[in-house]
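First the structure, in the form of structure tokens, and then the observations on it.
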Amino acid sequence: MSSTEIDPPTPKLLIKQGAEALVYSTTYLLPHIPALLKHRPSKRYRHPTLDARLTKHRCLSESRLLIRARSLGIPVPAVYFVDESRGEIFMEWISGSSVREVLDETLAREGGEAVVDRMIVKVGTAVGALHAADIVHGDLTTSNIMVRDSEGEEAVGFGEREVVLIDFGLGAVSTQDEDKAVDLYVLERAFTSTHPKAGKLFQDVLKSYERSYKGAKVVLRRLQDVRMRGRKRSMIG
């Protein structure tokens, strides 16, 4: 086979650098299959044995959460391949915009709330399904919820597109109402601090959350307690 018949490998492109992981856009197996690569590099300040153990644990934990959530029909990226010894997860590339970007764009326009209302309902439904499966996200912000691009020639509005939860690096399995309430509190803070006009929209998130999760009433009562503690910390600070 000549070299001209072999597609060259797609280079990795660094798109995000966090405290724990590097995120790249790349491909998986074939050049036409876009993928996201999440790599946890070794930490020189940690003992090598401990570092390897932590990297393996966190890599496997995140991939298992994604696989479990997806098996239950919760909108999360598909996991393609896991190499826990290298701290790498290849997963589905979600083409689209974050909810944060969508809100920034639409709420600046007149009547923007109506444009994103159906999308907001889907956010609450997705989070409700996640908590019903006893999975907490750990970093549930508007930047970690994607709105997938519409496929086909005809573009559809944000309300008709799929909402996808991403980045489960801080996620965990938990039956605790407190943990689920903290998830909601983090999301609420993302709405109110980043999007001042979106405060009312978050109430629609909670309404759809309550419809999609039978245990929501207890979690929402606990959310009130979490809010009070958050206000006290703000006053002390």
Side-chain angles (χ1 to χ4, degrees), residues 6-102 123 126-127 129-130 133-149 151 162-174 179 182-183 186-187 190 194:
I6 302 175
D7 291 316
T10 302
K12 295 187 301 183
L13 176 64
L14 181 65
I15 57 175
K16 181 180 178 182
Q17 182 170 355
E20 287 293 324
L22 304 175
V23 179
Y24 300 88
S25 65
T26 184
T27 58
Y28 180 67
L29 294 181
L30 298 173
H32 66 275
I33 302 178
L36 180 144
L37 168 60
K38 187 169 187 179
H39 172 61
R40 286 180 168 82
S42 60
K43 304 295 184 182
R44 294 184 178 180
Y45 58 82
R46 289 198 294 238
H47 187 279
T49 302
L50 175 62
D51 182 67
R53 187 180 303 159
L54 286 174
T55 298
K56 179 179 179 180
H57 170 74
R58 290 171 180 171
C59 187
L60 288 175
S61 176
E62 181 172 5
S63 58
R64 284 168 178 163
L65 287 177
L66 288 168
I67 292 169
R68 175 178 176 179
R70 191 170 176 86
S71 72
L72 295 172
I74 300 168
V76 299
V79 174
Y80 292 154
F81 181 75
V82 181
D83 187 338
E84 66 274 18
S85 63
R86 294 173 57 89
E88 294 183 345
I89 306 175
F90 283 85
M91 65 185 80
E92 177 187 8
W93 176 266
I94 306 299
S95 179
S97 305
S98 68
V99 167
R100 175 176 180 167
E101 291 169 331
V102 172
V123 169
V127 177
L130 191 74
D134 289 331
I135 300 174
V136 293
H137 187 279
D139 190 21
L140 196 59
T141 67
T142 49
S143 295
N144 285 334
I145 308 175
M146 296 288 293
V147 183
R148 193 191 294 269
D149 282 343
E151 297 182 358
E162 183 185 26
V163 164
V164 183
L165 307 177
I166 65 169
D167 196 355
F168 280 72
L170 298 177
V173 173
S174 175
D179 294 337
V182 170
D183 249 3
V186 171
L187 184 59
T194 310

Report yes or no: does R68 contribute a side-chain atom to a donor-acceptor pair with the main-chain N or O of A133 at less than 3.5 Å? yes
Could you please spell out the steps behind the side-chain contact (heavy atoms from CB on, under 4.5 Å) verdict for L165 and N144? CA-CA 6 Å; L165 307 177; N144 285 334; over 6 Å; no
Could you list the residues that satisfy side chain to side chain donor-acceptor pair (under 3.5 Å) with S143, not counting sequence neighbours? none
Nearest heavy-atom approach of I166 to P77 is CG2-CG, 4.0 Å
When rounded to the nearest 0.5 angstrom, what is the spacing between CD1 in I15 and CG in L36? 5.0 Å
Test applied, side-chain hydrogen bond (donor to acceptor under 3.5 Å, both in side chains); reference residue, K38; option that passes from E88, E62, E20: E62
Under the side chain to side chain contact (heavy atoms under 4.5 Å, CB included) test, which residues partner V147, sequence neighbours left out? V99, V102, M119, F158, R161
Name all residues meeting the salt bridge (charged side-chain N to carboxylate O under 4.0 Å, His left out) criterion together with R53; count only those two or more places apart in sequence or in a different chain, and write none if there are none. none
Any ring-ring contact (aromatic ring centres under 6.0 Å, His included) pairs touching residues 19-74, not counting sequence neighbours? Y28-Y80, Y28-F90
For T141 and D139, test the side chains for any donor-to-acceptor distance below 3.5 angstrom and give the result as yes or no. no
Test side-chain contact (heavy atoms from CB on, under 4.5 Å) applied to T142 and S98, step by step: CA-CA 7 Å; T142 49; S98 68; over 6 Å; no
Taking D183 for the side chain and G138 for the main chain, is one N or O donor matched with an acceptor at less than 3.5 Å? yes
Could you report the tightest heavy-atom contact between G169 and R40, atom names first, then the distance? CA-NH2, 3.6 Å
Could you list the residues that satisfy salt bridge (charged side-chain N to carboxylate O under 4.0 Å, His left out) with K16, not counting sequence neighbours? D167
Which pair of heavy atoms, one from R148 and one from V164, lies closest together, and at what distance? NH2-CG2, 3.9 Å
I'd like to check the side chain to side chain contact (heavy atoms under 4.5 Å, CB included) partners of R64; sequence neighbours left out, ordered by chain and number. L60
To the nearest 0.5 Å, what is the distance between CD1 (I89) and CZ (F168)? 11.5 Å
Who are the side chain to side chain donor-acceptor pair (under 3.5 Å) partners of R100, not counting sequence neighbours? none
Residue list, side chain to side chain contact (heavy atoms under 4.5 Å, CB included) with A129, at least two apart or on another chain: I74
Roughly how far, to the nearest 0.5 Å, is the OG atom of S71 from the CG atom of L66? 11.0 Å
How would you list, by chain and number, every residue that makes a salt bridge (charged side-chain N to carboxylate O under 4.0 Å, His left out) with D51, sequence neighbours excluded? R46
Quick one: list whatever passes side chain to side chain donor-acceptor pair (under 3.5 Å) with S42, sequence neighbours left out. none
Rounded to the nearest 0.5 Å, how far does CZ of R86 lie from CG of L37? 9.0 Å
Quick one: pull up CG in L187 and CG in L140 and give me the separation to the nearest 0.5 Å. 4.5 Å
Sorted by chain and number, sequence neighbours left out, salt bridge (charged side-chain N to carboxylate O under 4.0 Å, His left out) with E84 holds for none
Mind checking what makes side chain to side chain donor-acceptor pair (under 3.5 Å) contact with T49, not counting sequence neighbours? none
Provide the closest heavy-atom pair for E162 versus P75 in the form atom of the first, atom of the second, distance. OE2-CB, 3.7 Å
Where S25 and W93 come nearest, the two heavy atoms and their spacing: CB-CZ3, 3.4 Å
Least distance between heavy atoms, D149 atom then G96 atom: OD1-CA, 3.2 Å
Out of curiosity, L54 CG to K43 NZ, how far, rounded to the nearest 0.5 Å? 11.0 Å
